[in-house]
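Take a look at the structure set out below.
This chain uses plain numbering: 1 for the first residue, then up along the sequence.
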Amino acid sequence: MANLLPMRDIVPHMKNWSCDITVQERQQITSSMGTPTKKQKFVFYDSEGTSVEGIIFNDDIPRMSQILQIYKKYRISNAEVRPIPAKFQTSSLTVQWVISSRTVIDKIPDDDEVMPVSFCYSKFTDLVQYMDDKTKSVDVLGVVISALERKTITKNSRQSDVQKFVLLNEESHTVLLSLWDTFLANEGEDILSKLHSYPVIIARRVKVNNYNGVALGTWFDSAILVDPPIQEARELKNWALRNTDLIKELVENKAYIKYNPQLSLKSDQKTRICNITSSQKTIWVKAQISFEHIFQKYWYMSCKNCCRAISAGHEVVFTCNSCKEKHPAVPRCRFDVDLTDGTGVIPASLFGELAEKLLTFNALEAMQHFNENVELPLEFVHNELKSKNFLLHIKPVQAQLADARQRYTIIYYSEIHDATDSVQLAMQTKDDSPFPSKDSDTIQLGTPGENSARSKICVRLSDRFDEPQNIDLEQDGNPECSSNKKQKLN
């Protein structure tokens, strides 16, 4: 008869043992890179709070996986015990139990109301420091208050299903969590079925992405725990049930789809333009904004649903090649600007509401002026920008300009009202700036006062492009076109 032991006493290569465990995590089935091996990982814990990793391989997965259900208690006997090689270890787990068809698993009564395990959660306000860092993942705790539309997209030449869920914490901050493919088919369906009761989830080992600011997404080794029996989750559930009016207001206003500077903008991480490198994916700069005062097109036609650029007339209903839905075509504001901080100049693009706010005209008004061959009255805007400085969150886009300069998209901007910051920014010159050497990976920049470095705005935006914020620009044949002639763009 096998000896019933606590988890801490079961060591690698031990035989003839049994242990009472609870399933804490049940991960997705994955494939080993470069091999046909399939595996599914679990996390087990016992009454003392000790944890080990469970794993099932290949043909044993369909036979044994369904036996082990999340949060249920079992007696496992004679699994193969082995150490986890250091390069495959996640968190603090160092021992692995290999579950096979020879492993004995018996379900036992579960009298525990709360799991005796603890997690280290990242605060929503701390997530920005992990943005776009593929070497790091985070654990977060949140209550799901809403779900966005499910979409099928093409990613890396294959179709994937994705749906974004809105997580809320007790500080009333929200963040979007994207569940992909099998996560959506399993935990996603469970969340949707409980959405009316505000399910609490622990998202483990998820990545922090740069999607309109801070956003989260599942990874191959992520785990989503839905309504886990732990104290923190129950307290958050009770808080949500006491604040249903607040949650309903958040869902109705849909503020969660907008950029949240409280989560995403870090003023202490500002980078001088001369120090921006090609490897940076998330960048905050303090700079002035300017754009050419010429007659130009400040809008493009887009899908009303996904904002993709399309070739269709205003309000013409069409089937979008991106979201596959029928929607009317609508104008969307878009134009290019120069960002200058005294150490260099970089070209950037503004889209949607951000562009309209800076332009002081909406896309429909810009389209009407253009179609009537009338220039937008922007003298006031240009004069105002000369005396203003901004804190901006930008990200690089894949396509470069014809002169090989890197382009950027402005995700968010905020005017700087601090007098000291404004004076310091104005006093910066290229002579006292630490320009990098030729051997560095710093991108090619313009410098203030060099006409050749300025991004020309006289461009054709009617050409079709793949992404609304990744547009292939063509330089106009007459970059110095006069605003007086009001030459129309094709």
Side-chain angles (χ1 to χ4, degrees), residues 27-31 33 127 130-134 137 140 144 146-167 174-192 195 201 203 205-224 254 256-259 264 281-282 300-312 317-330 332 334 349 351-354 395-399 407-409 411 463-472:
Q27 298 181 22
Q28 309 300 323
I29 299 172
T30 59
S31 298
M33 187 174 297
L127 295 176
Y130 304 105
M131 186 183 288
D132 287 328
D133 188 343
K134 294 188 179 298
S137 59
V140 297
V144 183
S146 184
L148 278 61
E149 184 181 0
R150 179 172 180 160
K151 294 183 178 180
T152 299
I153 67 172
T154 301
K155 184 180 181 183
N156 299 327
S157 300
R158 61 180 289 266
Q159 283 193 332
S160 293
D161 294 324
V162 62
Q163 188 166 14
K164 291 179 172 62
F165 295 82
V166 184
L167 300 187
T174 57
V175 66
L176 294 179
L177 169 66
S178 295
L179 298 189
W180 292 86
D181 297 325
T182 52
F183 288 98
L184 182 55
N186 296 318
E187 290 84 356
E189 292 299 323
D190 190 16
I191 294 172
L192 289 172
L195 198 56
I201 68 167
R205 298 180 297 277
V206 292
K207 297 297 182 181
V208 184
N209 303 315
N210 186 358
Y211 178 82
N212 197 27
V214 166
L216 301 172
T218 51
W219 199 242
F220 72 96
D221 66 341
S222 300
I224 307 297
K254 295 186 177 180
Y256 47 78
I257 64 176
K258 297 182 179 180
Y259 184 97
S264 304
K281 293 184 178 181
T282 303
Y300 68 95
M301 296 306 298
S302 69
C303 170
K304 186 176 182 179
N305 181 51
C306 68
C307 299
R308 300 280 179 166
I310 51 90
S311 298
V317 177
F318 71 104
T319 301
C320 178
N321 290 329
S322 176
C323 65
K324 310 302 181 184
E325 299 289 336
K326 282 189 175 183
H327 295 283
V330 296
R332 188 175 188 231
R334 183 254 190 239
S349 299
F351 293 84
E353 293 182 4
L354 283 179
K395 69 176 181 180
V397 295
Q398 294 179 352
R407 292 194 304 115
Y408 294 85
T409 293
I411 305 173
D463 293 341
R464 186 174 180 176
F465 45 84
D466 294 332
E467 296 185 53
Q469 298 184 2
N470 188 10
I471 304 175
D472 295 324

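Around atom CD of Glu353, no more than 12 heavy atoms belonging to other residues, nucleotides or ligands sit under 6.0 Å away.
Taking each heavy atom of Val206 and Ala203 in turn, the nearest pair found is CG1-CB, 3.8 Å. Between Gly213 and Ser264 the shortest heavy-atom distance is CA-OG, 3.2 Å. The two residues Asn209 and Leu216 make their nearest non-hydrogen contact at ND2-C, 3.9 Å. Nearest heavy atom pair, residue Phe220 against residue Thr30, reads O-CG2, 3.7 Å. Of all the heavy atoms in Ala147 and Gln163, the pair that sits closest is CB-NE2, 3.9 Å. Ile224 and Glu187 get closest at one heavy-atom pair: O-CG, 3.4 Å.
Contact check for Asp181 versus Arg158: side-chain heavy atoms found under the 4.5 Å cut-off. Side-chain contact between Val175 and Val140 is absent, with no heavy atoms from C-beta onward closer than 4.5 Å.
Figure legend: Lys164 and Tyr256 shown without cation-pi pairing, the cationic atom not lying both under 6.0 angstrom from the six-membered ring centre and within 45 degrees of its axis.
Arg205 contributes a side-chain N or O that, together with a main-chain N or O of Asp221, makes up a donor-acceptor pair within less than 3.5 Å.
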Run the numbers on Ser302 and Val330 for side-chain contact (heavy atoms from CB on, under 4.5 Å), then give the verdict.
CA-CA 6 Å; Ser302 69; Val330 296; 3.9 Å; yes

Let's go through Lys395 and Met131 carefully: what are the C-alpha distance in whole Å and the side-chain angles of both, what is the deciding distance for side-chain contact (heavy atoms from CB on, under 4.5 Å) to 0.1 Å, and is it a yes or a no?
CA-CA 12 Å; Lys395 69 176 181 180; Met131 186 183 288; over 6 Å; no

Show your working on side-chain contact (heavy atoms from CB on, under 4.5 Å) between Asn212 and Ile257 and close with a plain yes or no.
CA-CA 8 Å; Asn212 197 27; Ile257 64 176; 5.7 Å; no

Worked check of side-chain contact (heavy atoms from CB on, under 4.5 Å) between Leu184 and Val162:
CA-CA 7 Å; Leu184 182 55; Val162 62; 5.6 Å; no

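In this structure, the separation between OG1 on Thr174 and NZ on Lys254 is 13.5 Å, given to the nearest 0.5 Å.
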